[in-house]
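Reviewing the structure listed below.
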There are 2 protein chains.
Amino acid sequence: MAVIDKIRQLIPPLSSGYHKGQAGRVCVVGGSDEYTGAPYFSSFSALKLGADMAFVVCQPTAAVAIKSYTPDLMVHPYLRRSDDTDKTSEEIINNVAKLLPRLHVMVIGPGLSRDNMMLECAKGIIAKAKEKDLPLVIDADGLYLIQNHPEIIKGYPNAILTPNVAEFKRLCEEMKINFEDNHKDKMAGLLSQAFDGVTIVQKGQYDLISNGNEVFKVDNEGGLKRCGGQGDILTGLIATFMAWGSAYHNKLWQHDNLISPSEVPMLASYAACTLTRECSRSAFKKFGRSVQTSDMINEIGPSFKKLYER
Amino acid sequence: MAVIDKIRQLIPPLSSGYHKGQAGRVCVVGGSDEYTGAPYFSSFSALKLGADMAFVVCQPTAAVAIKSYTPDLMVHPYLRRSDDTDKTSEEIINNVAKLLPRLHVMVIGPGLSRDNMMLECAKGIIAKAKEKDLPLVIDADGLYLIQNHPEIIKGYPNAILTPNVAEFKRLCEEMKINFEDNHKDKMAGLLSQAFDGVTIVQKGQYDLISNGNEVFKVDNEGGLKRCGGQGDILTGLIATFMAWGSAYHNKLWQHDNLISPSEVPMLASYAACTLTRECSRSAFKKFGRSVQTSDMINEIGPSFKKLYER
């Protein structure tokens, strides 16, 4: 079966028989004094693709701003910086852990910042999520955490890392992989193997996705503006496809079980990469150099219809 | 080569080979308890023209409001007023200085306020930016700072001051230049010379731009509403053109090197003045007396296409 047909298998049918949340409950951990756009782009993209519910876990100051972008998100102001002393990291981690039974997937990192307390919380949340076998998409400052503590994600098959050019090189360095430009297309596979099969989404002029066994290449046309935030759209979209993968394997609908759970991270990443590029292309076509990441989010629905809707 | 053709040389081509940030990283220092529109207009105009990333550095209360205008900005709540005592000006300046290696250009002043601590921080940030040869666009309360401490910018060729009528007169007074209405068109040149070649953008019914050697006059048709905020659009647009000038001289793309670095401030100012007037004209045509600065920002893309896009 072609990759695109496999992806179509994972898309929940639209049915009046379902209830709230069954088509995806996503949580983004990130959002700090400095960064609020990134967790918004990620979580709202998840909703725009079709997740039923999206949570953001962030600092209180970030929460007010993110709530103001849209009332459609549930924004929980649980995280704290090092200079806040009203809560210990253990309290914060336990607080966030209470959300876990309600979730299909977590995105860790958009707008997290590199504050020590914020990183420590993220680390503890990852550990709790692993106990529940929850799919994890890790990006941005979450990758900075992984770069410094690769052991927390190594060998966890439900994790997807989404490094850009600079982040990819730093991860390779940390994992003692010699980055070679003339073997660029093999690097994602090598990095995945170094992480014992964690899925790697290597973003760039074209995207390479690998779980160490196979490699998907994504090179459909994107826009020509490199504004900050496009990577956040990608993580939100991956998250929704991962949630749909869980719904598929929980038999939310009748199907022939043609897709195995181990295939889902590669398929979700492929689907999200193609879709992000199409959103970027069509928003760029409308707005040219003026295009913003906000504009691209409006293209998620039409782009999904064009590429994947049956 | 005509000025307009020189400006076209500086515009980065659109290419899938670039990565995030290469087409411009801009930072606006301003935004206080009292003023949040000005830094938003400036930074968002920079994005709408085509900068890849824009930061705002401001007070915490201002940050929440500015973030809420759009998730496309990165708003850092680093500045403090005199009556806040949790941080010293040195700590604040050092915090902001950490951003400098990531920037092509800084705008200092929109919504800064005249609080002593805010001005002291701006002064320290200017000193740090000068150490890195970073282009500086100074407006509004930043000009109040310059008026009281002209030595901090005098002789820095990478600085552009954008005074309105009142600010221009005060700067002339401070620099012991006798303002004469019947020699109005020579005043920008004289003021630039008094600052040892800092570029002066004298805004008015028509705009005069001078680096002390030559004078550009900008008099294309603008709108007939004088709402607050149009000057902030101008600073954001100058900033993006300055960032493009840096990208040009960093050889982001192949070119014949026809523009020298010393020409860029005059060209960037000319391009931004013509574009601001065209945005104002076309928004005014749509909305008449009801027109707002927010409406003008929506005209940046189409106006740029009309005047400059090749």
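The sequence lines fix the lettering, A, B, ..., with proteins before strands; numbering per chain opens at 1. Remember, predicted model here, so these are calculated numbers, not experimental data.
- Interface residues of residues 17-25 of chain B toward chain A, defined by a heavy-atom distance below 4.5 Å and sorted by number: B:Gly17, B:Tyr18, B:His19, B:Lys20, B:Gly21.
- Distance check: A:Lys225 NZ to B:Leu47 CG gives 6.5 Å after rounding to the nearest 0.5 Å.
- B:Leu10 contributes atom CG, which lies 6.5 Å from atom OH of B:Tyr248 (distance to the nearest 0.5 angstrom).
- Remark: B:Arg277 CZ to B:Ile233 CD1 distance equals 13.5 Å, nearest 0.5 Å.
- Contacts with chain A were tallied for B:Leu49, B:Asp86, B:Asp52; B:Asp52 has the most, counting heavy-atom pairs under 4.5 Å.
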Step-by-step side chain to side chain donor-acceptor pair (under 3.5 Å) determination, B:Asn220 to B:Glu278: CA-CA 7 Å; B:Asn220 56 318; B:Glu278 172 61 19; 5.0 Å; no
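- Using a 4.5 Å cut-off between heavy atoms, B:Ser16 contacts chain A through both its backbone and its side chain.
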Any chance you could lay out the side chain to side chain donor-acceptor pair (under 3.5 Å) test for B:Ser32 and B:Gln59, step after step, and finish with the verdict? CA-CA 5 Å; B:Ser32 56; B:Gln59 268 190 264; 4.6 Å; no
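- Chosen from B:Gly50, B:Gly301, B:Ala54, the residue pairing most often with chain A at heavy-atom distances under 4.5 Å is B:Gly50.
- Only the side chain of A:Phe41 comes within less than 4.5 Å of a heavy atom of chain B; its backbone N, CA, C and O stay farther away.
- B:Ala51 touches chain A through its backbone: at least one of N, CA, C or O sits under 4.5 Å from a heavy atom, while the side chain does not.
- A donor and an acceptor atom, one from each side chain of A:Ser82 and A:Asn116, are nowhere located under 3.5 Å apart.
- Within the model, atoms OG of A:Ser269 and CD1 of A:Ile200 stand 10.0 Å from one another, a figure rounded to the nearest 0.5 Å.
- Looking at A:Asp295, its side chain does come within 3.5 Å of a backbone N or O of A:Gln292 through a donor-acceptor pair.
- In this structure, the side chain of A:Tyr144 does not engage the main chain of A:Gly109 through any donor-acceptor pair within 3.5 Å.
- Applying the 6.0 Å contact sphere to NZ of B:Lys285 captures no more than 12 heavy atoms from other residues, nucleotides or ligands.
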Side chain to side chain contact (heavy atoms under 4.5 Å, CB included) for B:Phe55 and B:Val28? Distances and angles first, verdict last. CA-CA 6 Å; B:Phe55 300 83; B:Val28 175; over 6 Å; no
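- Counting heavy-atom pairs under 4.5 Å between each of A:Gly37, A:Ser290, A:Gly222 and chain B puts A:Ser290 at the top.
- Residue B:Glu91 places its CD atom among more than 12 non-hydrogen atoms of other residues, nucleotides or ligands, all under 6.0 Å distant.
- For chain A, the nearby parts of B:Pro12 are the backbone and the side chain; heavy atoms of each come within less than 4.5 Å.
- Counting non-hydrogen atoms of other residues, nucleotides and ligands closer than 6.0 Å to OH of B:Tyr35 gives a total of 12 or fewer.
- Residues of residues 67-81 of chain B having a heavy atom under 4.5 Å from any heavy atom of chain A, listed by number: B:Lys67, B:Ser68, B:Thr70, B:Pro71, B:Asp72, B:Met74, B:Val75, B:His76, B:Pro77, B:Tyr78.
- Contact annotation for A:Tyr206: neither backbone nor side-chain heavy atoms come within less than 4.5 Å of a heavy atom of chain B.
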